[in-house]
Protein chains: 2
Amino acid sequence: MPNPPPRPGRQARAAAPSEPGGAAASIAAVAALAGVSTATVSRVLNQSKPVNAETRGRVEAAVAQLGYRANPFARSLISGASQLILVVVPDMANPFFAEIVQGIESVMRRHGYNIVLSVASGNGPLDPVYDRLTDGVISLAHAHSQRSGADGTARRDVPWVACSEFMTGADMPYVSIDHAQAAMDAVQYLLNRGHRRIALITAEEDYAWAQQRRLGYETALQRAGLPVLPAYVRVARGTDYGDGSDVAGGLLTLPEPPTAVFAVADTLAIGAIKAFRRAGRRVPDDIAVVGFDNVPLAQVFEPGLTTIAQPMRELGAASAELLLAQLTGEQPPSRVLPHALVVRDSG
Amino acid sequence: MPNPPPRPGRQARAAAPSEPGGAAASIAAVAALAGVSTATVSRVLNQSKPVNAETRGRVEAAVAQLGYRANPFARSLISGASQLILVVVPDMANPFFAEIVQGIESVMRRHGYNIVLSVASGNGPLDPVYDRLTDGVISLAHAHSQRSGADGTARRDVPWVACSEFMTGADMPYVSIDHAQAAMDAVQYLLNRGHRRIALITAEEDYAWAQQRRLGYETALQRAGLPVLPAYVRVARGTDYGDGSDVAGGLLTLPEPPTAVFAVADTLAIGAIKAFRRAGRRVPDDIAVVGFDNVPLAQVFEPGLTTIAQPMRELGAASAELLLAQLTGEQPPSRVLPHALVVRDSG
DNA sequence: CTGAAAGCGCTTACAG
DNA sequence: CTGAAAGCGCTTACAG
């Protein structure tokens, strides 16, 4: 293992001016003011043992007077827990991830945890998990990256839940919808509407959910006795609007252009619609588009986006609950949440 | 001050199974394996003092063999710094905030800091600042809430930067565009296009930026010799699409409806456009709409949104740099970043 | 260049 | 109910 880099902040901080308003009070100061031992102060603060009412009163008064708060690092050093959990997202710009993070945040906060956010753009040496900073992890990043650290070595065994992005049989608890089934539902809907030439706009295949949704797309076509045409499958670079536009254009110049497209993210779907319109096509008349996620924008955009709704907040909340259960020593089962097809105007 | 609540996680964590794969190695284990003192191990890890090359080699080998990483809490207890900074956002769902967070994250990560995310929905007792968990704060929350804790008491004096949301003369460093000027530019543009009946859709006034933008709106009208009509000013509840739709409808039923509206957020502008269309109005022909922020969606939405572009990533990055400077004891000046009017199709 | 020891700020058996 | 003391895992003067 390479030498861990020095922590640049240490020296920096040492050079900072000493705390304005005086150094923060220590538990010793509170004890002195209240005329008790630090053990007693600790007991009233944590309600860990009965303390004489009168004594408690003096301690509380001292705490209030000094504005004392326990040093979280000393506590964590002893307890081995930080009340911090790591949330790894591939990209904050996608509203899908933002919604999930909000779901996680609200239940974690209720349980006294703070969340550390890591944008897994794979650009830094920082690895809070490896550093044992956080008590657990909820990851939305590529499943295949979830078990190795920044340096490629295997991670320590940390309480972990995969959210939305998971691999079956990886014995890692997850919370997700059934991506393959949801994709089948989307394509089946298009089939029911009479479409026979249905294209797929998908994302990089290192996302397991991209593979799973692609599988659903293929399965639906095959069951309908339709071929899976390579020319009809386009892989977008990311999930930005522009990524969707970039790959959509090519579909139109095919000898037999599709009459419908299923995009694995609303952002891709919207980007595709933009591209189709720029090319003079009408949606859904010339080409129907179905998205995935049901981000808030899906109903605001025009035409309203027909899409697979994922219960985003619930995915986040359930992930948090699963992690919390692990933190208390349980081995809770993974959860598959329901999805739903929302029909609007785009397809 | 009220008694701090007990930390629920402690007991929970205590009940958890002991670390699978064995407890994490301590520095003592490394020292024993390498046949040196813990002081020496510490020195090679931190490169804080010269260490004999041969000795260093043994230590590094031991570190590698044990997969050792320093316990961050022990370090923080000594240094008084956590390499953690708090980012307070009102709402992750708004892409504006998401972009800024990404800007902050990228520079902070490069400097070895992790970010703790707090969604200031004002719903929890958690207060990492007050708890001295983080080394500093970047806040996008209401300026008037930035200086008091969850319990209403004044916060400790912590390195702090206000991002986008700030109050002049509050002697708190900030990074922002000039909201009033930007709003004036937007309204002036509408004036130049011949509009005389220009409405404002703004956000709750506890945002200083909402007040500042409103001021810009009023100033532009007054300079043009136009009255500021209360009926033309609508305050949205939040900044969701729906909030924009909710207040936009009322504008249409006025005896003299506006011919243009300036909304203080792209999300509000898009919500308003939705409402106008549902009422049968064409944008921009019947009513022009100018937004604010230039979120990615602004160019994807149809009609393309004319809006004030804020340099979102840069706002985040500059905030991070300002905080970093404070952390090294500097007193860097606030920064006002440039904005720009982006003309598209909505107005 | 290296080590023994103190100390960061807490919590928790152990006594009483 | 309360206190003295050990200890969590590190870093850093202080000696050598």
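All chains are named by letter (A, B, ...) in the order of the sequence lines, taking the proteins before the strands, and each is independently numbered beginning at 1. As a basis for the values below, the full set of heavy atoms in this structure was taken, side chains included, without hydrogen atoms, waters or symmetry mates.
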Query raised in the report: Where each residue is assigned the nucleotide of DNA chain D containing its nearest heavy atom, which of A/P50 and B/K49 is assigned the position nearer the 5′ end?
Result: A/P50
Query raised in the report: Using purine N1 to pyrimidine N3 plus N6-O4 or O6-N4 for Watson-Crick, or N1-O2 and O6-N3 for G-U wobble, both under 3.5 Å, which nucleotide pairs with D/dA13?
Result: none
Requested in this report: Provide, to the nearest angstrom, the distance between the CZ atom belonging to B/R56 and the P atom belonging to C/dG3.
Outcome: 14 Å
Query raised in the report: Hey, which of these two, A/T40 or B/A53, hits DNA chain C nearer its 5' end, going by closest nucleotide?
Result: B/A53
Query raised in the report: Counting side-chain heavy atoms from C-beta on, which of C/dT11, C/dG9, D/dT12 comes nearest to A/N71?
Result: C/dG9
Query raised in the report: Is there a Watson-Crick or G-U wobble partner for D/dA4 with both distances under 3.5 Å, and which nucleotide is it?
Result: none
Requested in this report: Let me know the distance between CZ of B/R43 and P of C/dT2, rounded to the nearest Å.
Outcome: 9 Å
Report summary line: Side-chain contact check for B/I78: nearest option of C/dC10, D/dT11, C/dT11 is D/dT11
Query raised in the report: Is the backbone N or O of B/L133 less than 3.5 Å from a side-chain atom of B/S82, with the two atoms forming a donor-acceptor pair by type?
Result: yes
Report task. Determine the contact category for A/T55: base if any of its heavy atoms lies under 4.0 Å from a base atom, sugar-phosphate if only primed atoms, P, OP1 or OP2 are that close, otherwise nothing. Result -> sugar-phosphate
Query raised in the report: Is any side-chain N or O of A/R132 under 3.5 Å from a base N or O of D/dG9, one able to act as donor and the other as acceptor?
Result: no
Query raised in the report: Side-chain donor-acceptor pair under 3.5 Å between A/S118 and B/R109, yes or no?
Result: yes
Query - Length of the CZ-C1' vector between B/F73 and C/dG9, whole Å - result: 15 Å
Requested in this report: Establish, from distance only, whether the side-chain atoms of A/N52 and A/R58 form a donor-acceptor pair under 3.5 Å.
Outcome: no
Requested in this report: If the plane angle is over 60° it's perpendicular, under 30° parallel, otherwise tilted; pick one for A/H142 and A/Y207.
Outcome: perpendicular
Query - For atom CD of B/Q47 and atom P of D/dT12, their distance in whole Å - result: 13 Å
Query raised in the report: Taking the P atom of each, how far is D/dA5 from D/dC1, in whole Å?
Result: 23 Å
Query raised in the report: What is the distance from CZ of A/R58 to C1' of D/dG3, rounded to the nearest Å?
Result: 13 Å
Report summary line: Which of D/dC10, C/dC10, C/dT2 is nearest the side chain of A/A74? It is C/dC10
**Report entry** Under 3.5 Å: donor-acceptor pair, side chain of A/E105, backbone of B/V119
**Finding:** yes
Report summary line: Of the listed D/dG3, C/dG3, C/dC10, the closest approach to the A/I27 side chain comes from C/dC10
Report task. Whole angstrom is fine here: how far is it from CG in A/N46 over to P in D/dT2? Result -> 16 Å
Requested in this report: Map B/N52 and B/L77 onto DNA chain C by nearest heavy atom, then report which one ends up closer to the 5' terminus.
Outcome: B/N52
Query - Atom-pair distance (CZ on A/R75; C1' on D/dG7), nearest Å - result: 17 Å
